[in-house]
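Below is one structure, written out as structure tokens; comments come after it.
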Amino acid sequence: MPSFGDDVGVLDGQSLWGFFEGAWICGQWYEPPVPFHGLAKSYRMSPHHQSAIKLKVNLLKKHFVPSRWMDAATHERAVLDYLQMGNLFLQEIRNLAKRPLRYEVSPALHTRVGVEQGRYFWVKPDTMGLGSVSGDYEFPANSVIHLREPDVAQEIYGLPEWLSALQSGLLNESATLFRRRYYKNGGHAGYIFLNAESVISDDDWEKIKAQMRAASGRGNFKNLFIHMPGGKTDNIKVVPLAEVAAKDEFMGIKNVSRDDMLAAHRVPPQLIGVIPQNNGGFGDVRSAVDVFFANEIEPIMRAMEQVNEISGLPVVQYREYQPMGAAANI
């Protein structure tokens with residue numbers, strides 16, 4: 001059965017996490033359509049993915065105005081959960097008069113939506129990503145605000161908008177791991193040592209094999225000397241196997257998977273340190289910031305301001321953006 005991150009197409013069969021008739025009920029709460037522990041781990045699957053998320057977080061953090069109900073640290077964590085996990089859970093902490101004192105983030109990794117409206121649970125997932133049947137803690141009734149990225153398949157949990165680039169991000173990571181193992185001597189079959197010379201004795205061959213085994217690990221690519229009086233140059237050949245792997249499309253895989261992730265995040269490449277491959281570059285970075293902020297950051301601001309609509313309090317506020325492009329100076 002496929003699990004989170006497997007190389008399976010979105011229309012290929014059913015998995016444990018999706019295509020149910022209705023939502024999957026686990027005790028008193030609903031389980032999410034994808035395992036949240038997998039989403040949390042994929043945060044660091046690629047530098048381009050993590051950098052794109054952090055760019056949005058930093059821009060929102062820069063323009064956030066702390067309030068008596070939410071400080072800067074809470075806002076930063078809230079935005080990170082919303083962008084990476086597709087869900088934000090804010091717990092309302094009340095004072096002695098039962099009025100809102102402040103709002104704290106309940107990590108989406110552990111928070112579940114209850115079957116009954118207004119009920120939420122904090123659950124510690126097991127190794128499969130499922131929660132315990134009994135549950136670890138139930139929040140006070142109607143004390144949790146839940147913001148979610150809309151999902152076309154259900155309305156209980158949200159799913160992050162970058163999820164379509166998950167396979168590209170994992171491919172990017174796999175290419176890096178493959179190349180790293182390739183450069184670690186002994187992590188691949190380097191060559192075939194072919195002998196057609198009868199002059200060398202079995203005892204000498206054992207010594208040669210011992211030298212070859214000793215060449216792996218630290219101090220890679222040691223030289224090997226063979227003395228073969230009267231032998232011919234073609235009687236001993238080295239047939240490289242790693243030559244095939246050396247000619248793979250490593251750079252192509254890295255670049256294509258990177259572009260897929262940037263397309264999913266809709267982040268201009270110059271804003272996260274991508275080096276242009278041509279002399280023309282990526283254009284004016286200030287104009288790119290202006291367009292990116294208007295099209296991507298401001299909608300996230302409006303989404304976060306839904307907290308104000310639900311709570312009836314000015315919990316989340318942002319400063320107005322000041323354009324950086326040439327047109328702003330006119």
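Criterion: ILVMFWY side-chain heavy atoms under 4.5 Å apart, direct or through other members. Under it, Val256 and Leu171 are not part of a common hydrophobic cluster. Two different hydrophobic clusters hold Val65 and Val315 under the rule that ILVMFWY side chains link at heavy-atom gaps under 4.5 Å. No chain of hydrophobic side-chain contacts below 4.5 Å, direct or via other Ile, Leu, Val, Met, Phe, Trp or Tyr residues, connects Ile93 to Tyr120. Tracing side-chain contacts under 4.5 Å through hydrophobic residues (I, L, V, M, F, W, Y), one never reaches Val285 starting from Val291; they form parts of separate clusters. Val115 and Tyr137 fall within a single hydrophobic cluster, where Ile, Leu, Val, Met, Phe, Trp and Tyr side chains are chained together by heavy-atom contacts under 4.5 Å.
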Inset, instruction - Evaluate salt bridge (charged side-chain N to carboxylate O under 4.0 Å, His left out) for Asp81 paired with Arg77, printing each intermediate quantity in order. - result: CA-CA 6 Å; Asp81 254 29; Arg77 177 57 199 269; 3.3 Å; yes
Inset, instruction - Kindly determine whether Lys56 and Glu161 satisfy salt bridge (charged side-chain N to carboxylate O under 4.0 Å, His left out), including the steps that lead there. - result: CA-CA 13 Å; Lys56 296 178 181 180; Glu161 62 179 8; 3.3 Å; yes
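His49 pairs with exactly one of His265, Arg258, Glu173 by the side-chain hydrogen bond (donor to acceptor under 3.5 Å, both in side chains) rule, that one being His265.
Counting non-hydrogen atoms of other residues, nucleotides and ligands closer than 6.0 Å to CZ of Arg44 gives a total of 12 or fewer. For Arg319, the CZ atom is densely surrounded, since the number of other residues' heavy atoms within 6.0 Å is greater than 12.
Using a 4.5 Å heavy-atom threshold, the side chains of Arg179 and Thr176 count as separate. Contact annotation: the side chain of Tyr43 never approaches that of Leu39 to less than 4.5 Å [non-hydrogen atoms, C-beta and beyond]. The shortest side-chain heavy-atom distance between Pro32 and Tyr30 does not fall under the 4.5 Å cut-off. Proximity of Asn172 to Ile253: side-chain heavy atoms (C-beta onward) are nowhere separated by under 4.5 Å. Between Phe139 and Trp122 the shortest side-chain heavy-atom distance falls below 4.5 Å. Looking at Ser67 and Gln317, their side chains come closer than 4.5 Å, going by heavy atoms from C-beta outward. Taking the side chain as every heavy atom from C-beta outward, Pro33 and Leu159 approach each other to under 4.5 Å. Put simply, the side chain of Leu90 reaches to within 4.5 Å of the side chain of Met70, judged on heavy atoms.
Contact check on Glu296 versus Arg302 returns no salt bridge, with no Lys/Arg side-chain nitrogen under 4.0 Å from an Asp/Glu carboxylate oxygen. Using a 4.0 Å cut-off between charged side-chain N and carboxylate O, Lys54 and Glu76 make a salt bridge.
Here the side chain of Asn255 pairs a donor or acceptor atom with the backbone of Met251 at under 3.5 angstrom. Proximity of a side-chain donor or acceptor of Ser42 to a complementary backbone N or O of Met45 within less than 3.5 Å is not detected. Remark: side-chain polar atoms of Ser106 are not paired, donor with acceptor, to backbone N or O of Phe89 under 3.5 angstrom. For Ser174 (side chain) and Leu170 (main-chain N/O), a donor-acceptor pair under 3.5 Å exists by modelled atom type.
Residues in residues 139-148 take part in no salt bridge (charged side-chain N to carboxylate O under 4.0 Å, His left out) pair, two or more places apart or across chains.
The aromatic rings of Phe36 and Tyr157 lie perpendicular to each other, with more than 60° between the two planes, well past the 30° mark. Using cut-offs of 30° and 60° on the angle between ring planes, the pair Phe293 and His63 is tilted.
Among all heavy-atom pairs drawn from Trp162 and Leu83, the shortest one is NE1-O, 3.2 Å. Smallest separation of non-hydrogen atoms from Asp290 and Met324: OD1-N, 2.8 Å. Counting all heavy atoms, side chain and backbone alike, Asp284 lies closest to Ser287 at OD2-OG, 3.1 Å. Across Ile300 and Leu60, no two heavy atoms sit closer than the pair CG2-CD1, 3.5 Å. Minimum interatomic distance between Ala40 and Met85 (heavy atoms only, all atoms of both residues): N-SD, 3.9 Å.
Gln154 and Asp151 form a side-chain donor-acceptor contact under 3.5 Å, judged by distance and modelled atom types alone. Side-chain polar atoms of Thr74 and Asp71 form a donor-acceptor pair below 3.5 angstrom.
Aromatic rings from His75 and Tyr318 are positioned such that their centres are separated by under 6.0 Å. Between Trp69 and Tyr103, the ring center distance fails the sub-6.0 Å criterion.
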